[in-house]
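Fair warning: this is a prediction, and the values are worked out from it, not measured in the lab.
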Amino acid sequence: MLKQRIITAVVLLAILLPALFYPSYVPFAVVMLVLIGAAAWEWGRLNGCGPRLSVFLGVEAVALCGLSWWLGLLQQRLPLVWIVAGGAWVLCGGLLLRAGVAGWPSVPRALRLVGGLLALWVAWLAAVQARVVGINFLLSLLVLVWVADVFAYFAGRAFGLRFTRGKLAPSISPGKSWEGVWGGVVGVLVLALAWVWADDAARADVASLYTRLAERGWWQLPLGVVFLSMMSVVGDLIESLVKRSAGAKDSSNLLPGHGGVLDRVDALLPTLPLAMMLAFL
């Protein structure tokens with residue numbers, strides 16, 4: 001299993017890194033298009049769709065993103081999109097977590113499929129538009145989620161249930177603790193401060209998310225990154241809720257040793273549009 005995970009990680013990095021750092025945003029947009037199509041296919045399978053309908057959802061996701069690209073949305077300011085998407089994630093995320101695993105099947109399947117498709121489309125739009133803004137800006141979004149996840153994992157292992165009596169969401173993801181959440185928050189706060197300093201020291205041509213927040217007022221930086229860190233947890237928990245409802249351990253086996261695409265991007269789905277909202281409104 002470890003060997004599988006390493007090989008898969010190396011292959012993914014060999015594809016993602018050249019696309020990310022290529023002078024044009026086009027290769028990154030294409031790679032993200034493939035990933036979103038695969039994630040939409042997984043979403044269909046997790047929601048009880050047959051093979052044909054699941055493939056159709058993947059094609060629909062790619063077509064929707066491709067249409068947005070063709071219409072020139074990647075170069076346009078889209079404040080309404082980020083506000084609506086961010087508000088939907090905050091509101092619907094809270095309602096879904098409150099309802100729990102038992103409440104998921106009560107949501108009409110058509111609504112689940114359309115909602116998932118739209119969430120994936122908005123995430124693609126946010127990720128690629130962030131790349132259009134600049135590599136430094138996009139990386140600051142991606143690394144925030146990764147750091148929150150890594151710090152949460154180690155803080156949970158080291159301090160889980162030492163300071164709180166209950167786990168974060170035992171019926172959805174029994175392994176997560178509040179100590180892990182706060183560990184992730186500390187991690188992103190340190191990351192944000194270090195990145196603002198690095199932007200200033202390097203006189204970065206493209207400001208990171210953290211510098212953009214700090215320039216509007218020192219208080220916006222900690223509030224913004226803590227909010228995004230918490231919403232990354234919401235994205236992770238909602239995917240876990242859907243998988244548990246479907247009786248699945250992973251969203252698929254497309255990434256040997258790592259599960260599926262949704263398993264890798266779940267925390268990014270709410271974080272990307274919300275970060276765009278905070279950065280550009």
Side-chain angles (χ1 to χ4, degrees), residues 32 35-36 39-40 42-44 46-47 57 61 64-65 68 73 77-101 103-104 106-130 137-138 140-149 152 168-169 172-173 176 181 184-185 188 209 212-213 220 222-245 251 261-281:
M32 289 299 299
L35 292 177
I36 290 300
E42 293 175 348
W43 184 251
L46 288 174
N47 285 280
L57 283 173
L64 186 58
C65 295
S68 304
L73 295 187
R77 295 179 67 87
L78 303 170
L80 185 60
V81 172
W82 311 136
I83 291 172
V84 172
W89 266 110
V90 172
L91 178 61
C92 296
L95 291 174
L96 288 174
L97 293 180
R98 182 182 178 85
V101 177
W104 181 246
S106 66
V107 180
R109 189 170 73 165
L111 183 58
R112 284 183 268 150
L113 295 179
V114 171
L117 195 64
L118 290 176
L120 290 169
W121 166 66
V122 170
W124 178 84
L125 198 59
V128 181
Q129 195 170 101
F137 178 73
L138 172 60
S140 66
L141 273 60
L142 300 179
V143 175
L144 181 147
V145 173
W146 298 335
V147 165
D149 188 49
L168 177 63
I172 298 174
S173 185
K176 287 184 171 56
V181 172
V185 167
V188 298
L209 167 67
R212 289 173 186 270
L213 292 175
Q220 291 198 34
L223 285 181
V225 297
V226 168
F227 173 62
L228 292 175
S229 174
M230 301 295 280
M231 289 306 299
S232 74
V233 176
V234 170
D236 192 337
L237 287 175
I238 288 178
E239 200 237 354
S240 297
L241 180 153
V242 174
K243 288 192 297 184
R244 190 166 288 273
S245 177
S251 58
V261 175
L262 279 173
D263 296 322
R264 303 277 65 84
V265 304
D266 51 6
L268 286 167
L269 296 182
T271 309
L272 287 169
L274 283 166
M276 295 298 287
M277 182 185 76
L278 293 178
F280 295 107
L281 286 186

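Residues Asp149 and Trp146 form no side-chain contact, since every pair of their non-hydrogen atoms from C-beta on lies 4.5 Å or further apart. Using a 4.5 Å heavy-atom threshold, the side chains of Trp82 and Leu278 count as separate. Counting heavy atoms from C-beta on, the side chains of Val181 and Lys176 never come closer than 4.5 Å. Between Leu141 and Val145 the shortest side-chain heavy-atom distance does not fall below 4.5 Å. For the pair Val233/Leu168, a side-chain contact is recorded, criterion being any heavy-atom separation below 4.5 Å from C-beta on. Leu228 has its side chain within reach of Leu209: a pair of non-hydrogen atoms, C-beta onward, lies under 4.5 Å apart.
Figure legend: Arg77 and Phe280 shown without cation-pi pairing, the cationic atom not lying both under 6.0 angstrom from the six-membered ring centre and within 45 degrees of its axis.
With no hydrogens or angles considered, no side-chain donor-acceptor pair links Arg109 and Asn47 at under 3.5 Å.
No side-chain donor-acceptor contact under 3.5 Å links Ser240 to the backbone of Ile172. Of the possible donor and acceptor atoms, one in the side chain of Thr271 sits under 3.5 Å from a partner among the backbone N and O of Ala267. Side-chain N or O atoms of Ser173 include none that pairs as donor or acceptor with a backbone N or O of Ala169 at under 3.5 Å. Although no hydrogens or angles enter the test, the distance criterion places no donor-acceptor pair under 3.5 Å between the side chain of Ser229 and the main chain of Val225.
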Between Trp104 and Arg244, does a side-chain contact (heavy atoms from CB on, under 4.5 Å) hold up when you go through it step by step? CA-CA 10 Å; Trp104 181 246; Arg244 190 166 288 273; over 6 Å; no
Val122 vs Leu272, test: side-chain contact (heavy atoms from CB on, under 4.5 Å). Steps then yes/no. CA-CA 8 Å; Val122 170; Leu272 287 169; over 6 Å; no
Leu46 vs Ser251, test: side-chain contact (heavy atoms from CB on, under 4.5 Å). Steps then yes/no. CA-CA 7 Å; Leu46 288 174; Ser251 58; 4.0 Å; yes
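Residue pairs meeting the salt bridge (charged side-chain N to carboxylate O under 4.0 Å, His left out) criterion with at least one partner in residues 261-275, sequence neighbours excluded, are Lys243-Asp263.
Taking CH2 of Trp124 as the reference point, atom SG of Cys65 lies at 5.0 Å (rounded to 0.5 Å). For the atom pair Ser232 OG and Phe227 CZ, the distance stands at 11.0 Å (nearest 0.5 Å). Note: Ile36 CD1 to Leu262 CG = 8.5 Å, rounded to the nearest 0.5 Å. Taking CG of Leu241 as the start and CG of Asp236 as the end, the distance is 11.5 Å to the nearest 0.5 Å. The CG atom of Leu269 sits 9.5 Å away from the CD1 atom of Ile238 when rounded to the nearest 0.5 Å.
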